Amino acid sequence: MNYWLVKSEGDCYSIADLKRDKRTAWTGIRNYQARNFMRDGMKKGDLVLFYHSQSEPSGIYGLAKVVSEPHPDETAFDKKDEHYDPKSKREAPTWMCVDLQYVKTYKEPLSLADIKRDTKLEGMWVTRKGDRLSVQPVSEKHFKWIEKLLSK
DNA sequence: GCCAACGTTGGC
DNA sequence: GCCAACGTTGGC
């Protein structure tokens, strides 16, 4: 079992949107490192912290679960899609994604400031300066602590 | 809206 | 293959 964190701009696709949709293909990732985590690291059943960036406050708002194997990101083939990438070919897709299923929304978000303040969460990717990675691994220790903090 | 960080692009 | 220019992300 692995743990992850995905970022989404809060007013773009939020945990409330995921709740409404029940599940969604996590498309539009156009960063190789993030793609590698999804393609090579994520397994069905892995738990995923849902992080809102550009929000007030930015932080962890909910929980999702990986419910598919990695598959090609269809939006890369769609000329009309904002994430269209002419370099990604159907026979050799550049971009891969997984499907995420809604699990829950936390009563209170865990803000970035909270995360930075908590010495037990030291070393998390989101706290790294200049961090822009939209899919990132979370250690079991950090995940368990966050769940504990948020289930209160 | 600003700006630091950093990935990507493209000229050479 | 280097590296400057450019674009994007995301906190503040």
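Letters go in sequence order (proteins before strands), and every chain restarts at 1. For clarity, every value in this text was computed on a predicted model and none was experimentally measured.
For the pair A:Glu56 CD and C:dG10 P, the computed distance is 16 Å after rounding to whole Å. The distance from atom NE2 of A:His52 to atom P of C:dC12 is 17 Å, rounded to the nearest whole Å. The interatomic distance linking A:Glu82 (CD) with C:dT8 (P) rounds to 11 Å, in whole Å. Going from atom CG of A:Asn31 over to atom C1' of B:dA5 covers 13 Å, rounded to whole Å. Atom CH2 of A:Trp125 and atom P of B:dC6 are 11 Å apart (whole Å). Whole-Å rounding puts the A:Gln136 CD to C:dT9 P distance at 15 Å. Between A:Tyr51 atom OH and C:dT9 atom P the separation is 15 Å, expressed in whole Å. With rounding to whole Å, A:Leu133 atom CG is found 11 Å from B:dT8 atom P.
Helical stems of DNA chain C (runs of at least 3 Watson-Crick or G-U pairs, donor-acceptor distances under 3.5 Å) are listed by first residue: B:1-12 with C:1-12.
At distances below 3.5 Å, not a single donor-acceptor pair connects side-chain atoms of A:Arg90 with backbone N or O atoms of A:Phe77. Formation of a donor-acceptor pair under 3.5 Å by the A:Lys89 side chain with backbone atoms of A:Pro86 is found in this model.
Between A:Lys87 and B:dT8 there is no side-chain N or O to OP1 or OP2 distance below 4.0 Å. Phosphate contact (OP1/OP2 of B:dC6, side-chain N/O of A:Tyr32, threshold under 4.0 Å): absent. At C:dG10, one or more side-chain N or O atoms of A:Lys7 fall inside 4.0 Å of OP1 or OP2 (strictly under the cut-off).
For A:Arg132, taking side-chain heavy atoms from C-beta onward, the closest of the listed nucleotides C:dG10, C:dC12, B:dT8 is C:dG10. For A:Ser53, the side-chain atoms get nearest to C:dG10 when compared with the rest of B:dG7, B:dT9, C:dG10. Across B:dT9, C:dC12, C:dG10, the shortest atom-to-atom separation from the side chain of A:Gln54 is found for C:dG10.
The only member of A:Tyr51, A:Trp125, A:Phe50 that meets side chain to side chain contact (heavy atoms under 4.5 Å, CB included) when paired with A:Leu5 is A:Tyr51. With A:Leu149 as reference, A:Leu110 is the one residue of A:Ile60, A:Leu110, A:Ile115, A:Asp114 to meet the side chain to side chain contact (heavy atoms under 4.5 Å, CB included) rule.
Between the side chains of A:Arg132 and A:Ser53, no donor-acceptor pair is found at a separation under 3.5 Å.
Under a 4.5 Å side-chain heavy-atom cut-off, the cluster of Ile, Leu, Val, Met, Phe, Trp and Tyr residues that includes A:Tyr32 is completed by A:Trp95.
Salt bridge annotation for A:Glu147-A:Lys104: present, with a cationic side-chain nitrogen under 4.0 angstrom from a carboxylate oxygen.
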